[in-house]
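Structure, as structure tokens:
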There are 2 protein chains.
Amino acid sequence: MALLAEYQAQRASLIGNDRSLRRENLTAHLRSDIELQADRIVRQIRAKEAETIWKEEHPSIPHPFPGMEFLTGRSIIMKTRLFEILSKMPKGALLHAHMDATVNAGYLLQIALKYPAMHVRIHKPLSLDNLSTNLPEFRCLPQEEFSSLQSLTDPSYPLGSWVPLRNAREYFASELGGVEGFDKWVVGSMTINPSEAYGTHNTITKIWQKFGSTFITSTGLIRVKPIYEEYIREFFRTSIEDGISYIEVRINFLYKFMFGADGQENIPHRDWLVAVDEAVKDVQAEMAKQGRANEFLGVKIIYSTIRFITPEELEWYLEDCIALKKEFPHLIAGFDLVGDENVYKPLIHYAEQLLRFRERVEKEKLDIPFIFHAGETLGDGTEADDNLYDAILLGTKRIGHGYSLIKHPKLIEICREKGIAIEVCPISNEILRLTSSMPMHPLPAVLNNGVPVALCSDDPSVFGNMGLTFDYYQVLAASEITGLSTLGALARDSIEYSTLDGEGKKAALIEFERRWTEFVQWVVAEYE
Amino acid sequence: MALLAEYQAQRASLIGNDRSLRRENLTAHLRSDIELQADRIVRQIRAKEAETIWKEEHPSIPHPFPGMEFLTGRSIIMKTRLFEILSKMPKGALLHAHMDATVNAGYLLQIALKYPAMHVRIHKPLSLDNLSTNLPEFRCLPQEEFSSLQSLTDPSYPLGSWVPLRNAREYFASELGGVEGFDKWVVGSMTINPSEAYGTHNTITKIWQKFGSTFITSTGLIRVKPIYEEYIREFFRTSIEDGISYIEVRINFLYKFMFGADGQENIPHRDWLVAVDEAVKDVQAEMAKQGRANEFLGVKIIYSTIRFITPEELEWYLEDCIALKKEFPHLIAGFDLVGDENVYKPLIHYAEQLLRFRERVEKEKLDIPFIFHAGETLGDGTEADDNLYDAILLGTKRIGHGYSLIKHPKLIEICREKGIAIEVCPISNEILRLTSSMPMHPLPAVLNNGVPVALCSDDPSVFGNMGLTFDYYQVLAASEITGLSTLGALARDSIEYSTLDGEGKKAALIEFERRWTEFVQWVVAEYE
């Protein structure tokens, strides 16, 4: 029937037209046959797993489906071939993660236990009923203040007094689970569990309260120089094992000092950077020894402070950032303001300081772009949503989250045309209740509009999405359009929209292509 | 500071530019001072109620917030001034509702109880445990088959046998709640309750199973001519009371016959239309008697059948639709295929028949536009999502739901430029789990893209969103950009994109403006 044939042709053309802005389609002509084959294989596996493992009965998971709530579906994800494949995929760069939330909480506790200076206290008696809300407070004490108390949970414990961390663990009341109960309590205070995300704290306001508390707790452990040094090494190593080859990490410089091993809170910001520099060099050396030097291209820092400070206080941080940039030009990649946009101050509140900063860095030829969090909200026309206007007008290089970007046709056009990439954090968005599951996430709309995107993990120690494999999984599982080639384009864009300079970026892209080719060959060899 | 002033000017211009496509902004210059004043008052009330009633403790509502899950938040909504205001607002046209799901289920049961021919049966013994899944089956029987059984719940009841409806109710076991328990059981079988939507059936697949079952149950009551006649009158009357002045209702013509009062299943489709015609005339006469003739401009029918039929079966329905259009040209407004897009056949499955139909109606100069459901899905590139391509290519006049439209930049452009309006059903989308709450709904993005939208209730008897006030409420509560003027533009567009002809539309718009002016004056007089 001629009418039908003509219709089919029109249809194919309309679909092609509708998807023509997608970034993997811009380079479709460059795709190798082997990549096309790998993409096909992955689609078949996805379709099969959607009908098998995702439709099976899973004890205690009432409604499994691909792209479901991460904290509930994680155990199923880890059984899939799709996950196995993605865990081997080269991920390019990780562009949006908060340093203090990058290493497994249990591992952090293990590091801290090595230091006798580490102490813990509580202000209310612990009971089975309040374990999840009665949070530990940690501190590194100077030797003269070391405590000899044995237990946090003994009736004789003087509330508010410091107890050595090891003692607190060893003598944790057996009715609260003993040593195991202690570990669970501490880890629980630094992570979000499914019954919190999907039950007791199932709104944006409530989950941010829990989320914020995890940082207040963990900072007592992390902001201690010897622990920090181990912590950031572990972050780099585990990232590399997940296929991440370069990192731009946000460090929160709100506190002006870190604790030294001697329990004095006197380690200034410049020493934090020295620590990062040394850790990078050490891990690079380790990798070189294993013949894997090209798997780790380095780390830069996005200087961050929290958007509840006053504009006057911000001036101090901007100066501090400039000073650090001058001393460590290779380390400081940009500037950001972080924290709950729905609650704290909008960018416009700081416009004068930020505009002056921009003038100043331009004049001094300092390369400190803004890389702002903006639009991490469900608000429509709220201050948090309007942050997108300011981020873009202030010249942000990328946008952290940009969850509400899809509402803004003009801003989408600007991002596409000026190449402002969006740091999309799928699992973070879901756990922080911006979306209930991946199929509801606006990412497909952003991709179809041709806006460059880098997938990011945000706060993996809190959410349990270590590395980038889980985030890539959720994106792949929830779409029939997205395929392996889409994920490749996302990984490529994470390098393309990084702050790497011309030469560095070129080298990173060449190395990525080499690993990508190896990867798609492996997919075909293994699963064809 | 000149820099800041310049920045503020740029910012205002960017925001204006970003929102310039919004349909209320296209006509901003026409807005009266009194409307602006009413809009301001409503914004103030919204802001106040967000901080008061929505932040108070409500027993058994753990996380209240504006735009929250409708079935849980409904009782709070009804206490607000915003709701009181919107219930008085003229709504224009209702363009997307399924006739069989428009009248309060309890009221439907009351009508049915008037007819001794109405019987009910079950196939498994009823118990407290299975009340929500052991559904009643209703039928109108011919007199010679009337049953003399007394009770559905007596141990002696022969399963599968018909019991007169009145008896079943009167003798419903007291341990199941007696008469009240019967009513609850029947109403529960035709409605979705919060623990189903947000608990036991909290995925799209599961909620559609429950949703589908409500129609299977209610059809036994509705598809009986004398009941139908009362049912549709009640629908029209309650719509008018809610400020709806014109209706395009989808009627499902899948069953070829309705039952007559004599229990014979022999009332053909043409008599269904006669019934509608008469009901419209009667209600218009009632309104005229009350001096309110201009509040009810009439009803048209969108001929619908279900998208699980074969293409060959579709041909019969298309012929039937044409025959009815010829006999009732003023009643038949368009053609649609309904049912779960994620499960049933996509439009492309019927392309040949639909293309031929279109040729034929063009040749015969019959005015039967397609008004297709499409994209009522979270799928990305699934058949349900792709229905949007076919709906548009087949020339749909409007799109039912179009939930996934926001993913499609080219289709958005086409809808805006060709004036294809989207029938957005906010509460339906939320209860059917496309979105978890209104702040997650893509409507703000659709509005900012300048696509015309009509708000609709879809299946209010199942969802409890009778009229349009609840849907308008949810939209207004969940945005800081949307105001009374936005709602006015939505109502105006419901008339503009209806199938009313030139004269009829002009008259409807004039009448709307008259009522709108009255309304905004009332808002100012009452709440200033």
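These values consider heavy atoms only, across backbone and side chains, with no hydrogens, waters or symmetry-generated copies. This one's a predicted model, so the numbers in the text were calculated from it and none came from an experiment. Convention: sequence-line order gives letters A, B, ...; per-chain numbering from 1.
- When Leu447(A), Thr435(A), Leu388(A), Val446(A) are compared by the number of non-hydrogen pairs under 4.5 Å with chain B, Thr435(A) comes out ahead.
- For Arg19(A), the part sitting under 4.5 Å from any heavy atom of chain B is the side chain, from C-beta outward, and nothing else.
- For the pair Glu480(B) and Arg43(B), the salt-bridge criterion is not met [side-chain N within less than 4.0 Å of a carboxylate O].
- In terms of heavy-atom pairs under 4.5 angstrom with chain B, the leader among Asp390(A), Thr382(A), Asp386(A), Leu411(A) is Asp390(A).
- Residue with the most contacts toward chain B among Ile204(A), Asp385(A), Thr482(A), Leu394(A): Leu394(A) (heavy-atom pairs, distance under 4.5 Å).
- To the nearest 0.5 Å, atoms CZ (Arg46(A)) and OH (Tyr473(A)) are separated by 10.0 Å.
- Of the listed residues (Ile392(A), Thr205(A), Ile348(A)), the one with the most heavy-atom contacts under 4.5 Å to chain B is Ile348(A).
- The ring-ring contact (aromatic ring centres under 6.0 Å, His included) check on Phe211(B) picks up Trp208(B), Phe215(B), Phe463(B), with sequence neighbours excluded.
- For a residue to count as touching a neighbouring chain, one of its non-hydrogen atoms must lie under 4.5 Å from one of that chain's; by this rule Thr200(A) touches chain B with the backbone only.
- Using a 4.5 Å cut-off between heavy atoms, Glu413(B) does not touch chain A at all.
- When all heavy atoms of Glu341(B) and Glu376(B) are compared, the closest pair comes out as OE2-N, 2.9 Å.
- With 3.5 Å as the limit, one finds a donor-acceptor pair spanning the side chains of Thr486(B) and Glu24(B).
- Using a 4.5 Å cut-off between heavy atoms, Pro409(A) contacts chain B through both its backbone and its side chain.
- Chain B forms more heavy-atom pairs under 4.5 Å with one residue of Leu443(A), Ile412(A), Asn448(A), Asp380(A) than with any other, namely Asp380(A).
- Residue contact with chain A, scored on non-hydrogen atoms closer than 4.5 Å, involves the side chain of Phe65(B) exclusively.
- To the nearest 0.5 Å, the span separating CG on Leu434(A) from CG on Leu378(A) amounts to 5.0 Å.
- In this structure, His201(B) NE2 and Thr203(B) OG1 are separated by 8.5 Å, a value rounded to the nearest 0.5 Å.
- Annotation: maximal heavy-atom pairing with chain B below 4.5 Å, among Ile15(A), Asn17(A), Ile406(A), occurs at Ile15(A).
- There is no contact between Thr377(B) and chain A, counting heavy-atom distances below 4.5 Å.
- Under the rule for a ring-ring contact (aromatic ring centres under 6.0 Å, His included), Trp54(A) has no partner lying at least two apart in sequence or in another chain.
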